[in-house]
Each structure stands twice: as C-alpha cells, then as structure tokens.
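I have placed the structure first, in the form of structure tokens, so that the comments after it can refer back to it.
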Amino acid sequence: MAFLTLCATFSFEIFMRASQIFIPTLKETPAEAELVSHQLLLRGGFIRRLASGLYTWMPLGLRVLRKVERIVREEMDRSGAQEVLMPVVQPAELWQESGRWEKYGPELLRLKDRHQRDFCLGPTHEEVISDLARREIHSYKQLPVNFYQIQTKFRDEIRPRFGLMRGREFIMKDAYSFHMDHASLEITYQTMYDAYQRTFTRLGLDFRAVEADNGAIGGKRSHEFHVLADSGEDAIVSCDHCDYAANMEKASSPAKVAPVEAPLEAARVQTPGIRTVAEQAAMLGISSSQIVKTVLVVAGEQPVMLLLRGDDELNLIKAAHALEVDEVRMATPEEAESATGAPLGFIGPKDLSTAIRVLADHRALNVSNFSTGANEMDTHWVNLNWDRDLSRPDSADLRNVRAGDPCPHCSAGTLGIRRGIEVGHVFQLGQVYSERMKITVLDESGRDATVTMGCYGIGVSRVVAAAVEQHFDERGIIWPASLSPFDVGIVAINARKFPEVAAAAQALHDRLEQAGFSVLLDDRDERPGVQFATMDLIGLPHRVVVSDKVLAQNVWEYRARRASENTLVNEAELMDLLNAGSPVHQP
RNA sequence: CGGGGCGUAGCGCAGCUUGGUAGCGCGCCUGCUUUGGGAGCAGGAUGUCGUAGGUUCAAAUCCUAUCGCCCCGACCA
C-alpha cells in the first residue's frame, strides 16, 4: 500500500497545501482478472470491484477518467454540441411508448418506486432526449441541434467481464442530434465523425473507424470506432491498400468469377453418419470449397434454406438484410427437418419435396461439380452443376469475409482481419424514434414535420481500459501522455536520510507545477526498488529521480516510462524533455 | 440460459480424498539493521473456513439447500 504525497503549491505563499493520494498497489494479480487492463488497473490501485460489473474509481483511476472526459467534452463543445445531463432513472411510460419496454429484454434493469410505478435504469437515453425534444423544440428555426451528456449507464449484461471493458455500470458520452431533413443530418454526422477522429487521436489511441451495420433500427450510415488490440472482442476488417474498413457484420468482398470446370457425371453416393462439412469432404475426398452446404434458418416466422460454399461462414446479419426481416436465427433440428422433409446433415437444394424459399450466397453459385445433401438419410450428391442439375436460386451476400479476400473498394488490395475494442459509434437514426415518439416541428410552410435524428456514443470508461490494453509492458501501464493521471513522477531516494534530497525534490516539484505540469512526488520512506516498481506500475510517462548522488553532480536523472536507460540532464533540458510531448508516441 | 470451476486472514493459496478444533507466502503493526529495481532479522495482530440447515461425540473437511464470483458456450447442418 502506498501513500504518495501530492503537493499543490501557491507560488509565493508560505502556506503550502500538502495532501496525500491513496494508491493501494498490489504485488500479486487478483485471480478474478483475466485481461491485462483489468489486472493492471487493479494492481495499480486505479479501480476496485464492488460486485459483478460494478467498480469504484479510486483516486488515481478517477484522475484518468477525468482526463478522458475532459478531452471528450472539449471536442464535443468544439463541434457545436451542447452539454446537458439527463436522469439515470427513467419512467417506464417513455419506454413503453418507444416499444422498447418489451423489446429490450432483461438487460434493462426495471424497478418500482414506492407508489409501485415502473421505472428503469437508463442503458441509453433516446427516450428521454426524444421526450425533451418534442416538449421544447417546436420550430424548424430551432434546428439543427445536438445535445450530449457524459453520464452513467446501466445495462444488466448477461455476463459482465473484463473489468471496465464490459461492466454493467459504465460511463458513456452520448449525443443526439435533431434535423429537418437528411441533408442536415448528414452534415452533423460528418462533424461528429471528424470530432471522433480528433478525440481518439488526442487520447493517444491507435484506432480505426469502420463501417458498421445499422441493425434492425435501420438508418443509412453507421461507423464504429475501434481501438486496435489483440484482446478486442470484435473482428474488424480492413484493406491493406486503400482506407476501406468495416466490422465483420458489414464487411463484404466481391465474389470472383471462378473458372467453370468441365462437368462430370452427377451421382448419388452413400455417406453414412456424415454430419459436418469437414466429415463430408474427408469421406468424399474433396475440398470443403467443393461442397455447397445447406443452412436452415428462420426469418421472421418463415423457414428459409440458405446455400453457402462449404468453407464459408454464414453471416446472420447479412441474411436478415437479404431476407428483409429484423432478425434471422438458426432453425432447430426439428424445424429444419419438418421444413424440408429431409434428415439433418443430408438436406440439399436438389429435388426438394417441400416448398421452401431458397437463397444462395454469390460464391455458392460459382462452384462446379459440387457436392450437397440428397435429402435422404446417409446420402449426398456429387458432381452437381448449376443449370444442368438444378436451377440457380436467387443470390445475395451471405458470408463472412475472410483474411485474404479481395477488397470491395479497390482492385489492388486484399482484406485483413484484426481485433478491435469498440469505443465509439456514430449512427444515423433517421426517423425511427421521432415517429414513435412523435417529435414534430413546424416547417417553413407551417406544417408539421417529423424530425430526423442521429446519435453518437463514446464509451468513456471503456476508453480507460482500452488505452491500457494498447499501452503496457511487463512492469505495468504506460499511459498515453494525454491520459496519464500525472504528467511527471518524482522519486526522492532516501529522502529521510538526506534532507537535502527531500528539499530538492520538493522544490523541483514546485517548479514543475508552476511550469504547468501535474506532478506526483514519491517522498515515501521506502526502498528505491519499491518506489521504482510503483512508478512503473502506475505508468506515468516521465520519471525524475532525485538522490544524493544526482544532487552532487548538480543534475536530474530522467527516464521516459518506455525507456530502459536513465539520462542525466540539467533543468532546462529536463523541461525540454517534458515539453517534447510524450515519448509514448515515438515509434 | 447451458456446461465447468472456485468461495479458508487485506491479496495469492494449501488443508478437504481418509472428520479431531486452521496454516504458508505477500501485505499490515512494533523494533533494530538496511537503502538504486517490490530488503534482512526478531516480535506481533488479523479468520463466526460464503450463508443456512443436516449427519456426527466432533464438520473447513461428509450431505442438502442457498448466495456470491470466475471461465467456456450460446451460428455451420
């Protein structure tokens, strides 16, 4: 456990306010922490867990959180958005009106007040802001307008995990814009997109904006901002040649026209016990790309047969779009068999005994001499060919892209897949909420017009964890300069034994504070090794050591957190190093 | 929600199979020594063994229930 003295001084006053900052570091990694960010934030004394998915921000962690908030706030203000603060507790009526009281499911934490009225803890604030807008905005002259807040949200996650990364309670910046028309929304959308680019750049993060799916809610455009990290929960796709990037739900790749092979004679073969594509390929001695597999899904209420090349993966989101329904799910084995009359594992598109809609992925139509199920137990077809043996069904993009696929935007590039942590999302809501909640204003001709909306989120607390995921080493955190709880750490070695060291460290601290740096002075009566280990763990970008040896040479000992060597510098050089910005950004 | 695992001192863990009244390391407190990469010696404090029942002369240990936490899964026919 560490108490470091944090001194704030006032230039010429004798009065000096000294306070102490509580930094309870842990030598050992708590068993509950899986992710590096979770481990290091616990060990560095930044956060403590209260219950599953609920964390207390300790003094050091709160300083980081405030840094993130400040940057986000500055960029939002700069973009013209106006800050408000809406309640966490929200009345059920609003959610019933938007239809989400039923739709949201158990993630929405519901509660009753003493009068037995229903409320919920806000997982998001579309309903509240919509209610505000319809009460207060009456004329086209008041538009466009963009409101934002930095507020605690609550989502009762199925499985909270990874510390701050997927908590139940978390802090989010959310913004909602209102417009007369889509053109106006498009302008604000771009403004927000640019603001996010600046925000995440200032936060010192290696990030990528990717095209995203709009989901059931519709709307035209949507981008997610991902921090690149191996531990990311999301797969993001990007081109190695142009700036195309999309998430896995959205990414597409053109289906190359494959050379048509000379057709072979079709045949039914016995394939007892086959269940999977891999088994089918092995038994028949073909590659899985020569199989057209049949996947039964339920779209809305209707069973649908989807065809994919054996080595491709179905993307349910794309299927939902192609079938023009909100949601597509895998059929149960019972549903699949009753819809086709064929046993699971042997279903195929040829000679169907039932009327069922069939939709193929583009790539499945490029295969010749392929194998499929024969709609009969233990039997498959081989050497089938489209047109000759069965007619071509409708086709759509149904598959997940894979690394190495060609880019849809440029001819030269190929797609790669990386992991990302979603820290931001900009989204065109369109008129979904404004219609449901009747947000109308009078237009220039005096007629009621339904407004168009956009919404824009940043996971503020998640950014803290994402930053650690991207910036750490075996000794601890390495904060980007813009997020570090302090700019500089001063380590006073053997300050008790050498009063001149204590005095010099204190004086240096004061001068650096006056120069505009925030400084953490470690004047604990600890061994140097303990002090260094603490400093490394909590990850301040700059460290200055004050010791009797160093004083004797009339220099300071400087080391960047990322560096492995000390540098002896005079004070002017030290100031230059601190002002040079963060070594974190050096390659 | 399904599967698996774990709850013993502030943290990390042993003890449980084969019941006999709780231990190790780190941390914490005191003293001395030490002082450039998580010190050494000596002394000390801290547990209703997650909770509630049950079995037994006796339960951390066996049984039942319950609460909490962690991990995996929840799309490939």
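Numbers restart at 1 for each chain; the letters A, B, ... are given by sequence-line order, proteins then strands.
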- Task: Taking A/Arg168 for its side chain and A/Ser52 for its backbone only, find out whether a donor-acceptor pair lies under 3.5 Å.
- Result: yes
- Side-chain atoms of A/Lys293 come closest, of B/rC71, B/rC76, B/rA77, to B/rC76
- Query: So, for A/Leu314 and A/Leu306, which heavy atoms are closest and what is the spacing to 0.1 Å?
  - Reply: CD1-CD1, 3.7 Å
Provide a list of protein-nucleic acid N or O atom pairs under 3.5 angstrom, restricted to nucleotides 4-11 of chain B.
unit_1	atom_1	unit_2	atom_2	d
B/rC11	O2	A/Glu28	OE1	3.4

- Which whole number of Å gives the distance between the C1' atom of B/rC28 and that of B/rA45? 8 Å
- Query: A/Thr534 has a side chain; which of B/rA77, B/rC76, B/rG38 sits nearest to it?
  - Reply: B/rG38
- Taking the six-membered ring where the residue is Trp, are the ring centres of A/Phe486 and A/Trp479 under 6.0 Å apart? no
- Just how far, in rounded Å, is C1' of B/rA39 from NZ of A/Lys27? 9 Å
- Query: So which pairs with a foot in residues 33-44 of chain A pass side chain to side chain donor-acceptor pair (under 3.5 Å), sequence neighbours left out?
  - Reply: A/Ser37-A/Glu469, A/His38-A/Tyr55
- Verify, without hydrogens or angle tests, whether A/Trp556 (side chain) and A/Glu573 (backbone) share a donor-acceptor contact under 3.5 angstrom. no
- Among the candidates B/rG36, B/rC75, B/rC71, find the nucleotide nearest to the side-chain atoms of A/Leu316. B/rC75
- With rounding to whole Å, what would you report as the distance between B/rU51 and B/rC67 at their P atoms? 15 Å
- Message: Once ring pair (Phe, Tyr, Trp, His ring centres under 6.0 Å) is applied, do any residues pair with A/Phe170, and if so which ones, sequence neighbours excluded?
- Response: none
